[in-house]
Every structure is written in structure tokens, then in C-alpha cells.
Amino acid sequence: MKKIMTPGPTQVRENVRMARSLATTNPDLDLEFYEYYKDTCDLLSELLHTKNVCYILSGEGILGLEAACASLTEPGDRVLVLDNGIFGKGFADFVKIYGGEPVLYSADYRREFDMEALAAYLEQNHDFKYAALVHCDTPTGVQNPIEEICPLLKRYGILSVVDAVASMFGVDINVDTCQADIVCGGSQKALSAPVGLTMVCVSDEAIRVMEQRKTPIASFYANLLTFRDYYKNKWFPYTMPISDIYGLRTALENVKADKEIHKRHADIAAATRQAVTEAGLKLYLERGYCATVTVVEVPEGVDSAVLLDTMTEKYGVMIAGCFDFLAGEVIRLGHMGENANVEDVTMMLYALECALADLGYPLKASMRDVFVREMKNK
Ligand SMILES: *Cc1c(COP(=O)(O)O)cnc(C)c1O
């Protein structure tokens, strides 16, 4: 078996896999399942430090992003798309599909948003229904300060939709402090459950805005209002994937029991960056690093496809390349969720240095040694 060290999907712990194999009831008809689902959603709210309601939708992370845009966007709505990464820019497509008018605020892709520049822009331009932004934009690994951006948007009455798929549970998110209106997560990233579920955390204000639309939401599956009264009415809009939700619940309990989870992510990410740079490789970002993924430029003269292939085939460790304008330009080292442990990251860095040596690219230091040294000092 290959070691999956990609920035999602991540390795799934045995107790999560076991939970998915349990015998199941009929989740539409068995009232106990409504309690179980609600308790699981409440646990999500607790871990995100919020009074806002959470829903678990049957679909991969992208469904959460689309559902947020589908549910808020009415034809002609102006939507601010905060673009300093590939997923950030991608929000414009969802806005357009639902008839909105995306307005891009594009900034340097090699760092987090500059708050002064954004504040100056908003001072002049604030006629937006909502803004869409990404907490950790995985293709570059940048982490944006949602705890500053969302409250700033609120001051102008702009709702926020935050893609936290790649950061949730690897980085502590306090939804109430952030005042974020819709926060989206995915099962397969730092939560380390299998692919297939998206979690959305929705503010009362966002629900009110959906209720007050002049036009109906142009979707059923991506309509967040269909979940609003599930508990009261004991009715789900579609049959819930009960085994996936058993797994998700166990993964959430794993997160809750792990008191060091955020510190461990931060330590491992810092030690990985130190290892990469001491070895003479170059990080893609100049600043604004997220704790769940490290993005490294493909060194001069190295073919990224050959490098990735050597790592997988010869050393059994899978890391990720990239897509869009970064295809072939960077490699991505995942250290999120279950992958964020010293043993696996050491193995990944060792595999990378061996593969680079095989391709005749000399490093200035052993990444494995630097990483181990750094982690000893944490
Ligand atoms: C993984 C991820 C998603 C979900 O997208 P997939 O590519 O389909 O897995 C959405 N947003 C971000 C930032 C992600 O990292």
C-alpha cells in the first residue's frame, strides 16, 4: 500500500473505518437517527466554537461551496470574490451559474491578503450581498486571516462564505469570533474521514437572507433551506448516507479527544518548512503559510511528473503535484489530520530527498535530519 501524503484525501484511522462497517438502520424512518445526526451536527458546532447550526450534506467538499452560493445568490446579485488562490477565484464560477455578478478582488498569490489594501478597497467598494473567500487555498497553501476579513466585511453589511475545507480541524477556527456566515468543510481533509461528506456551518443571518429571497433557490440538492426544519419535522430532503455519518462522527470524536491537534499541525508545518528551505528548495509562498500543507517549487531541471512517479513507484509515498497555472511548477506536501504525525512526515521527506538524489538533484541538507531535529525542539 502506498503512503498517501497528499493534501487530502488523508489516511483514515481504523476506528473510523470500523464505524462505517456497523449495521445500520433506516435513516429516514428511524427517529433515533435524527437524534444521532443532530448530536453529530452539534458536536461540529462545538468544535468550531459556535452557536450557529451545522449541517452534514451528502457530497464532497465542492457541494458545500456550491450550496452556499446557490442558496445566497439571486440573479443580478453582486458578489465579491476574494481571489488570492485557485479555489478563491473559482468561486466566481458558482456565482455565475446562479445568475450572480462576481466582482473579483485579485491579490498576490504568494501571500495572505494584505488587510490594509483590502480595507482600502472595501472603503470604496462595498455594494455586495456577500463575499466568498478561502481560509486555506490548497494549491499554494496560503492561509487567509478570516478572523480579520469576515468582521471587516460585516461592518459593511456583507455576508461571508468561507471555504475552510483544507483548514478545518488542522487550524483552530472560531466561527463566532470570525463572524463568518457560512463556513464549509470536507470530510476527507484534516478531519480524516473518507471522501463524500461536506459540512456547512450557517449563521442565523444567512438563513434569514435565504428566506427573504425574491426568487426561489435554483437547486434542490444545493438548497441549504431544505435542511432548516429537518429535526422539527423529522424529515431529510434525501436519504442520509448513514455509514458515512457514523464514520464522520467517530472522526469528530477523535478530533475532540486530541488536545494537541492544532499545536501538532503548526509544529509539523514549521519543521517541514525549515527542512525544505535548509535543503535548498524554495517554498512557493513568501508568507501566510497554512499548517496543513506545504507547497514547494519544483527545482530547476527536475520534471515534476518524474519526481512524483519516482516517489510513488520506488519509495511508496504519494504526494501531490498541482493544477491550473501551477501544474508542473510546484509539489504539495500534505501534513493534515492523520497525516500530521512525525513518523509519516519524516518518511515523506526522506522519500523526497531520495527521489531527488535519484534524479541527480543535490540537496544542501537532509530534510529528514532537519525535520527530526526541529521536532525534537518543539
Ligand atoms: C479539497 C478542497 C476542496 C474540495 O475540492 P476537491 O478538489 O474536489 O477535493 C475545496 N476547497 C479547498 C480549499 C480544498 O482544499
Side-chain angles (χ1 to χ4, degrees), residues 8-10 12-13 15-45 47-48 52-73 87 90-91 93-94 97-98 161-166 168-169 182-202 206-207 210 216-255 337:
T10 50
V12 178
R13 202 188 291 185
N15 67 351
V16 175
R17 286 183 272 127
M18 299 284 274
R20 295 177 86 237
S21 72
L22 295 174
T24 52
T25 180
N26 181 323
D28 283 331
L29 301 181
D30 191 333
L31 295 185
E32 274 179 29
F33 183 73
Y34 289 87
E35 301 299 328
Y36 185 87
Y37 179 92
K38 183 174 183 299
D39 287 346
T40 308
C41 292
D42 289 347
L43 176 55
L44 257 166
S45 298
L47 294 173
L48 296 173
N52 292 351
V53 66
C54 288
Y55 302 121
I56 301 159
L57 316 182
S58 176
E60 193 268 346
I62 293 291
L63 174 64
L65 313 183
E66 175 158 0
C69 295
S71 302
L72 288 177
T73 315
F87 279 100
F91 264 116
D93 297 333
F94 293 127
I97 289 170
Y98 293 96
V161 170
V162 177
D163 172 353
V165 175
M168 192 180 280
F169 305 122
I182 302 186
V183 180
C184 306
S187 54
Q188 82 277 27
K189 303 278 169 101
L191 184 54
S192 292
V195 189
L197 296 177
T198 186
M199 303 87 81
V200 289
C201 186
V202 191
I207 291 175
M210 292 173 208
I217 294 170
S219 174
F220 180 78
Y221 220 68
N223 177 348
L224 292 175
L225 282 183
T226 59
F227 276 83
R228 186 188 48 193
D229 299 321
Y230 81 86
Y231 187 69
K232 190 171 76 188
N233 298 341
K234 302 293 183 277
W235 183 86
F236 286 117
Y238 45 83
T239 304
M240 287 288 111
I242 179 167
S243 297
D244 293 346
I245 293 173
Y246 283 174
L248 187 91
R249 170 68 167 268
T250 305
L252 287 169
E253 282 166 2
N254 287 344
V255 167

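FYI, side chains are in, hydrogens and waters are out, and symmetry mates aren't considered; it's all heavy atoms of this structure. Bear in mind that the values here come from a model prediction, so they are computed numbers and not experimental data.
Remark: Tyr238 OH to Phe220 CZ distance equals 8.5 Å, nearest 0.5 Å. Here the CG atom belonging to Asn52 is positioned 5.0 Å from the SG atom belonging to Cys201, to the nearest 0.5 angstrom. Note that CD1 of Ile97 is 9.0 Å distant from SG of Cys69, once rounded to the nearest 0.5 Å. The CG atom of Asn15 lies 4.0 Å from the CG atom of Asn254; values are rounded to the nearest 0.5 Å.
Heavy atoms only, all atoms of each residue included: Val161 and Ala68 are closest at CG1-CB, 3.6 Å. Considering every non-hydrogen atom in both Leu47 and Phe169, the closest pair reads CB-CE2, 3.7 Å. Between Ala70 and Ala222, the shortest heavy-atom contact is CB-O, 3.7 Å. The shortest non-hydrogen separation linking Asp28 to Met240 is OD1-N, 4.5 Å. Of all heavy-atom pairs between Ile182 and Ala206, the closest is CG1-CB, 4.1 Å. Summarising the geometry of Val200 relative to Gly64, their closest heavy-atom pair is CG1-CA, 3.9 Å, with the distance given to 0.1 Å.
Distance alone, capped at 3.5 Å, is enough to place a donor-acceptor pair between the Ser187 side chain and the Leu197 backbone. Not one N or O on the side chain of Thr40 forms a donor-acceptor pair closer than 3.5 Å with the backbone of Arg249. Between the side chain of Tyr231 and the backbone N or O of Tyr37, no donor-acceptor pair lies under 3.5 Å. Using modelled atom types, one side-chain atom of Asp163 and one backbone atom of Val165 make a donor-acceptor pair closer than 3.5 Å. A donor-acceptor pair is defined here as one N or O able to donate and one able to accept, closer than 3.5 Å; no such pair exists between the side chain of Asp229 and the backbone of Lys232. In this structure a side-chain-to-backbone donor-acceptor pair under 3.5 Å is missing from Thr198 to Leu57.
In this structure, Met199 and Leu248 have side chains that are in contact, with non-hydrogen atoms separated by less than 4.5 Å. Considering only heavy atoms from C-beta on, Leu72 comes within 4.5 Å of Met210 through its side chain. Proximity of Cys41 to Val53: side-chain heavy atoms (C-beta onward) are nowhere separated by under 4.5 Å. In this structure, Thr250 and Met18 have side chains that are not in contact, with every pair of non-hydrogen atoms separated by 4.5 Å or more.
Applying the side chain to side chain donor-acceptor pair (under 3.5 Å) test to Ser71 and every residue at least two apart in sequence or in another chain returns nothing. Taking Asp42 as the reference, Lys38 meet the salt bridge (Lys or Arg N to Asp or Glu O under 4.0 Å) condition, with sequence neighbours excluded. With sequence neighbours excluded, no residue forms a salt bridge (Lys or Arg N to Asp or Glu O under 4.0 Å) with Lys234. Contacts of Arg20 classified as side chain to side chain donor-acceptor pair (under 3.5 Å), with partners at least two apart in sequence or in another chain: Asp244.
A donor-acceptor contact under 3.5 angstrom links the side chains of Ser192 and Thr10, judged on distance only.
Pairs engaging residues 59-68 under the salt bridge (charged side-chain N to carboxylate O under 4.0 Å, His left out) rule: none recorded [sequence neighbours left out]. Applying the side-chain hydrogen bond (donor to acceptor under 3.5 Å, both in side chains) test to residues at least two apart or on different chains, the pairs with a partner in residues 219-228 are Glu211-Arg228.
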Residue pair Tyr98, Ile217: steps toward the side-chain contact (heavy atoms from CB on, under 4.5 Å) verdict: CA-CA 9 Å; Tyr98 293 96; Ile217 294 170; over 6 Å; no

Working note: Met168 + Leu191, criterion side-chain contact (heavy atoms from CB on, under 4.5 Å); need CA distance, chi angles, decisive distance, verdict. CA-CA 7 Å; Met168 192 180 280; Leu191 184 54; over 6 Å; no

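Checked against the 6.0 Å centroid threshold, Phe236 and Tyr34 count as a close aromatic pair. The six-membered or imidazole ring of Tyr246 lies near that of Tyr36, with a centre-to-centre distance under 6.0 Å.
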